[in-house]
Amino acid sequence: MTLKLHRMQLPREVLVGRGTLELVSDTCEKLGFSKTIFVVAGEKTLKIAGNRVINSLKQTGMKVGDMLVTSPTLWNVRAVEMKIKKKKPQLVLGIGGGAKIDVAKLSSARCGIPYFSVPTTASHDGIASPLASIKGLGKPFSVMAQSPMAIIADTDVIMKSSQRLIASGCGDVIAKITAVRDWRLAHKVNGEYYGAYAASLALMSAKLVMENADSIKPNDEEGLHVLLEALISCGVAMAIAGSSRPGSGAEHMFSHALDTITPNCALHGEQCGLGTIMMAHLYELDWRHIRDKLKSASAPTTAKELGVKGDDIVRALVKARAVRPERYTILQEKILDEHSARRVAETTEVI
Ligand SMILES: [Zn+2]
């Protein structure tokens with residue numbers, strides 16, 4: 001038997017709690033980065049957290065460069081790469097919700113230097129996963145970049161983010177229920193590598209978020225701890241698996257398809273949550289329970305709540321299979337045409 005090399009790249013330090021922003025410079029020094037740091041942030045995240053971090057790094061005598069980015073595009077990734085090559089920092093810090101962290105993640109990976117994730121919201125698992133979702137790469141889904149060497153999540157900052165962003169985070173975690181089913185199915189049908197440990201970690205995260213859905217809201221520190229730890233665990237599950245398999249299945253493909261039909265209409269985790277209800281129905285799981293837990297977390301469970309036309313939901317369901325044809329999911333087992341897709345959306349009361 002030949003054993004295929006399986007490489008896992010995991011975070012070294014994970015700090016979740018109140019006031020952890022104060023610990024960014026200590027963590028940099030502890031891991032050997034005491035000279036030059038490059039910060040990727042957005043205009044808003046600079047005000048929320050970035051300036052504080054930059055000042056504390058400068059106070060310890062470190063040289064700090066920074067760049068503000070807007071959207072997670074290949075153009076921005078290249079612009080940051082050029083700056084990194086010029087400034088030659090030891091480490092990149094990504095400070096923000098999703099876009100800034102994704103740009104920091106991919107640009108640092110392409111330059112071969114480590115990065116820290118400093119999330120200001122808890123809206124999806126990209127804050128901890130090795131994958132980056134970047135527009136312009138010719139793929140509507142995430143690509144492998146690198147795991148953060150440290151994740152520093154300050155709940156004082158995240159507690160102030162909106163209910164909508166937090167609900168989106170819940171949707172992205174609950175999505176692991178069908179993502180893991182799809183992974184298991186691909187293993188059974190195609191003999192694809194399946195890691196029970198990574199799968200269990202993702203499923204446990206989904207279970208914990210569902211059990212605590214009522215208390216995951218702004219200003220609820222305990223609830224947000226559950227969500228942050230779940231998002232981080234999902235990111236780590238993908239790092240252990242060496243792919244996005246434990247975190248992304250047909251429900252994510254539905255979300256990516258919806259992105260191509262109605263771009264920037266709703267948040268990633270909101271769309272994935274809605275997709276999970278419908279894929280759970282295809283798996284003959286208790287989709288009502290999933291729907292009710294999403295509702296408890298204030299996440300949208302209908303097309304109307306998502307702000308999308310019913311017809312677009314149907315189109316996305318039909319299109320989802322083709323988004324990632326190499327990824328075997330329930331959508332290959334139960335091929336949806338317009339008629340059957342509409343029935344799925346209607347039965348689950350999404351439309
Ligand atoms: Zn996701």
Side-chain angles (χ1 to χ4, degrees), residues 72 94 96-103 105-106 117 119 121-135 137 139-145 147-148 151 153 164-183 198-199 201-206 208-210 216 227-260 263-280 290 293-294 297 299-300 306 316 320 323-324 327 329-331:
K100 286 73 191 170
I101 287 178
D102 276 350
V103 171
K105 194 190 293 183
L106 190 59
S117 167
T121 60
S123 59
H124 62 84
D125 59 27
I127 60 171
S129 77
L131 293 117
S133 177
I134 299 290
K135 290 187 188 100
L137 290 169
K139 292 177 185 138
F141 47 86
S142 311
V143 295
M144 248 324 153
S147 282
I151 303 160
R164 204 180 151 201
L165 288 168
I166 291 164
S168 170
C170 292
D172 203 23
V173 176
I174 291 173
K176 305 332 177 206
I177 294 171
T178 47
V180 169
R181 286 265 168 173
D182 282 330
W183 194 17
L201 192 57
L203 281 182
M204 185 178 67
S205 306
L208 282 170
V209 163
M210 283 172 71
I216 303 179
L227 175 60
L228 277 165
E229 286 175 5
L231 289 168
I232 293 167
S233 300
C234 291
V236 168
M238 289 185 253
I240 293 170
S243 83
S244 64
R245 265 298 193 182
S248 165
E251 73 302 314
H252 270 67
M253 279 149 63
F254 160 77
S255 170
H256 299 319
L258 199 58
D259 283 336
T260 63
N264 307 318
C265 211
L267 300 174
H268 169 78
E270 293 179 320
Q271 297 180 174
C272 292
L274 202 77
T276 307
I277 301 172
M278 296 186 284
M279 300 314 155
I290 293 169
K293 290 298 174 185
L294 284 166
L306 195 69
V323 166
R324 256 189 129 151
R327 181 155 281 196
T329 68
I330 189 70
L331 294 171

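Atoms within a ligand are numbered from 1 in the order they appear, just like the ligands themselves. What you see below is based on every heavy atom in this structure, not just the backbone, and it leaves out hydrogens, waters and symmetry mates.
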Any donor-acceptor pair under 3.5 Å linking the side chain of [X] with the backbone of [Y]?
| X | Y | result |
| --- | --- | --- |
| S168 | R164 | no |
| K105 | G126 | yes |
| D182 | A250 | yes |
| S255 | E251 | no |

Check which protein N, O or S atoms are less than 2.8 Å from the Zn ion (ligand 1) and report how many there are.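 Protein heteroatoms (N, O, S) closer than 2.8 Å to the Zn ion (ligand 1) number 3.
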
Would you say the side-chain atoms of H252 and D172 include a donor-acceptor pair closer than 3.5 Å? yes

Suppose we screen for side-chain hydrogen bond (donor to acceptor under 3.5 Å, both in side chains). Which residues come up paired with S244, at least two apart in sequence or across chains? R327

